Visitor: 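Here it is, the structure in full.
Quick caveat: nothing in here was measured; it's all calculated off a predicted structure. Here is the naming used below: chain letters follow the sequence lines, and residue numbers restart at 1 for every chain.
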There are 2 protein chains.
Amino acid sequence: MTPSTPNNGPTGDRAQRRRTTIHDVALSAGVSASAVSKVIRSAAGVSPQMRERVTQTIADLNYRPHAGARGMRGTSFTVGVMVTDFSSPFHPEVAEGISNQLDQTPFQEIVVRGGVDPSRQRRSIEALFDRQVDGLIVIAPWTPQEWLEDLGREIPTVVVARHGAPRHFDTVVSDDNLGARLMVDHLVSQGHTRIALTSQPSGGLRGQYVLSHTERERGYEEAMRARSLQPQIVRTTYSEEGGYRAARDLLDRSNRPTAIFAGADIAALGVLRAVEEAGLRVPDEVAVAGYDDIAVAGISRVGLTTIDQSARETGETSARLLLERIEGRVDPVRYVMRPQLRERATTIKQR
Amino acid sequence: MTPSTPNNGPTGDRAQRRRTTIHDVALSAGVSASAVSKVIRSAAGVSPQMRERVTQTIADLNYRPHAGARGMRGTSFTVGVMVTDFSSPFHPEVAEGISNQLDQTPFQEIVVRGGVDPSRQRRSIEALFDRQVDGLIVIAPWTPQEWLEDLGREIPTVVVARHGAPRHFDTVVSDDNLGARLMVDHLVSQGHTRIALTSQPSGGLRGQYVLSHTERERGYEEAMRARSLQPQIVRTTYSEEGGYRAARDLLDRSNRPTAIFAGADIAALGVLRAVEEAGLRVPDEVAVAGYDDIAVAGISRVGLTTIDQSARETGETSARLLLERIEGRVDPVRYVMRPQLRERATTIKQR
DNA sequence: CTGAAAGCGCTTACAG
DNA sequence: CTGAAAGCGCTTACAG
């Protein structure tokens, strides 16, 4: 029942007040529950008078259909979203885009945190599945491809930040190979030859079905080798701490890189910390770049050179594709976002 | 049904495969559904053999109870969380704490975005309510106090970042008055007298039931007046853009402040941008401070002086309190976090 | 200890 | 067009 209706029960007790149900509406309007259901769903087969009366009663009683109960038979109007982390910026920005897109629809997003462990992610996705969502948007899952294909067969699914050509779900992904190459090109144009990359472990994913960071590695390696430069990759995690550790490792080496390309902005922030702690000037002694163009990268004080992969637009597109699937589309769609270089102070030497 | 079971249906079709239900388990184990239910819930009144056999069958069939269906009669093991934004850092960090705390329990959090408009927030909270959550954690709601009290009477509820002594829900809140005073003290100790504050509108909330930012305003005003200093408050929003606009406004004034205290770190980042764009040096010409101690504040490049209000611990505490309420506690608990000053480069002049 | 029946709040065929 | 009945997957009394 709507909390806006005052409750006069005894203080301190939890109200036992019943929720207003479809039957209350039916009774009050003097029609059947089926009729009310049809009106709610804007289904065919109700007379204008019926519709009118029911609509009025719904308003009078301040009735809201119980999304959970609806989901047991039909649609719950709920979209489940898995992010690996709430506190790293990129995934939440994608979620924001999803939420924006869904705002125009009767659908509601619910977001859960999956972490980076495949089995925990799997439990999180199942937790959504068990809460009768109508569809799923999964960001950067490390779970096996077959498992995702099975999932996509059971429920409309869109996967973000994972490459390949799946058969039973859609993907929205940045052209990470191109993005990495753009960054290498940029760093080379600034005179660098010892360019290192911080990445994450592939999580056992290989071939075409890899997560964004692995594809960025490939793009980086290809671009380096095309110039006969030696790739230097350190794999930690996409986090401030992970970037910090990777940078510490790199800065200790004898052939210290003059540029560190972090696979994610959040890691680049940790790289910056390590570089500055080491008493090295950015960008004069070590240039630093990231990937994602999270909000903080553009702050003047940070001025992080990075690749914009349009987190919000990624979210909006995922939501749009998912709704199409919920409406019945089964052919897989692969949506590729075009990455854009954002040159800022951490790589551009002032003269 | 578990996506891990391979599906051999025709390619391109959505599987019509049935979910494994409690009845499948009952049938397979040769017992009643009630018995299976008791085992799942660890309820009393099952023989060891029964328990054994059912447990085995559940494992064999890879059965997971349907959280949605459970919620229709009993507990859904789901906790709903409302944040105003996914992309501003503070609320997601609180959500991270909630998720951490719940990780040890059978409960699962689901997070929705409520925005800053009270009616949209209300719809978001109702959306959670309608998805049979067992309890609610609401971060910084602008909705009227009576509405929240009614909500708390209907469902276990914890409200974060809102002051006052409610009767039907718990609160977890920083001592914002103290936090603001700590910051004014610090800025005064650095020699400032023209100290401005960026805040947000109170949203019509007054008296004791105000959101954190309004209480910070009060603490700031009291601290300023106690020193016979003139308060200067600009109200925009807690966002990078909001901080930027507030700072632009302040910097244009004839009695330009020498220190700007942003009510939230995210706004402080915008203040920094405005100050630097204006060609003023931080902290020599304008000192800048924030509130929250979000992760990025501690990055060397940012070095933002701020107040740590322990977002993660706030989340963990909220989750703990909520579980107590779900278990039956009805007396309201008010948990006050003690704020701590973090002095960094944006206010400390180097010599 | 065990299980058949009713019911949570909806929607879906299916009669009328 | 309208509504009675069955059912979604569980849990909750209530018999036995």
Side-chain angles (χ1 to χ4, degrees), chain A residues 1-2 16-54 57-58 61 63-78 106 126 129-134 154-155, chain B residues 1-2 16-54 57-58 61 63-78 106 126 129-134 154-155:
Chain A
M1 180 168 284
T2 301
Q16 294 305 331
R17 193 147 50 88
R18 260 185 55 256
R19 186 184 173 94
T20 304
T21 72
I22 198 170
H23 290 108
D24 297 326
V25 175
L27 199 69
S28 174
V31 300
S32 74
S34 326
V36 178
S37 174
K38 278 172 197 150
V39 171
I40 295 168
R41 291 175 291 117
S42 309
V46 269
S47 63
Q49 308 93 288
M50 169 77 87
R51 180 174 310 282
E52 162 78 17
R53 190 159 59 176
V54 170
T57 309
I58 287 174
L61 268 51
Y63 166 71
R64 295 193 313 272
H66 188 279
R70 300 184 82 170
M72 304 262 336
R73 297 294 286 163
T75 334
S76 66
F77 296 102
T78 311
E126 287 171 347
F129 191 86
D130 296 343
R131 280 162 181 79
Q132 72 254 14
V133 294
D134 298 328
E154 306 235 11
I155 183 171
Chain B
M1 182 167 284
T2 301
Q16 294 304 330
R17 193 147 51 88
R18 260 186 55 255
R19 185 186 175 93
T20 304
T21 72
I22 198 170
H23 289 108
D24 298 326
V25 176
L27 199 68
S28 173
V31 301
S32 73
S34 324
V36 178
S37 174
K38 278 173 198 150
V39 172
I40 295 170
R41 290 176 290 117
S42 310
V46 268
S47 62
Q49 309 94 289
M50 169 77 88
R51 180 174 309 283
E52 163 77 17
R53 190 158 60 178
V54 170
T57 310
I58 286 174
L61 269 51
Y63 166 70
R64 296 193 313 272
H66 188 279
R70 300 183 83 169
M72 303 263 337
R73 298 294 287 163
T75 330
S76 66
F77 295 102
T78 311
E126 286 171 347
F129 192 87
D130 296 345
R131 280 161 181 79
Q132 72 254 15
V133 293
D134 298 327
E154 305 233 11
I155 183 171

Visitor: Measure CD/B:Glu52 against C1'/C:dC1 and give the value in whole Å, please.
Guide: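 Rounded to whole Å, this separation is 17 Å.
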
Visitor: Please identify each residue that fulfils side chain to side chain contact (heavy atoms under 4.5 Å, CB included) with B:Thr78, with sequence neighbours left out.
Guide: A:Arg131, B:Ser76, B:Ile110, B:Val133

Visitor: Return the set of residues passing salt bridge (Lys or Arg N to Asp or Glu O under 4.0 Å) with A:Asp130 (not counting sequence neighbours), or none when no residue passes.
Guide: B:Arg19, B:Arg64

Visitor: Can you check each nucleotide of nucleotides 3-13 of chain C against protein heavy atoms at under 4.0 Å and return B for base, S for sugar-phosphate only, - for none, in 5' to 3' order?
Guide: BBB-BBBBBB-

Visitor: Using a 4.5 Å cut-off on heavy atoms from C-beta on, say whether the side chain of B:Arg51 contacts that of B:Lys38.
Guide: no

Visitor: Under 3.5 Å for both distances, Watson-Crick or G-U wobble, that's the pair rule; now give the dot-bracket for DNA chain D, with | marking pairs to another strand and [ ] for crossing ones.
Guide: |||.||||||||.|||

Visitor: Apply side chain to side chain contact (heavy atoms under 4.5 Å, CB included) to B:Ser34 and list each qualifying residue two or more places apart in sequence or on a separate chain.
Guide: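 Testing B:Ser34 for side chain to side chain contact (heavy atoms under 4.5 Å, CB included), a comparison that skips the adjacent residues, returns B:Ser32.
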
Visitor: For B:Arg41, enumerate each residue passing the side chain to side chain donor-acceptor pair (under 3.5 Å) test, keeping only those at least two apart in sequence or located in another chain.
Guide: B:Ser37

Visitor: Could you tell me the separation between the CD atom of A:Glu52 and the OG1 atom of A:Thr57, rounded to the nearest 0.5 Å?
Guide: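 The distance works out to 9.5 Å.
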
Visitor: Answer whether the closest heavy-atom distance between the side chains of A:Gln132 and B:Gln132 falls below 4.5 Å.
Guide: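 They are in contact (side-chain heavy atoms under 4.5 Å apart), so the answer is yes.
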
Visitor: Check whether any side-chain heavy atom of B:Ile40 lies under 4.5 Å from a side-chain heavy atom of B:Ile22, and answer yes or no.
Guide: yes

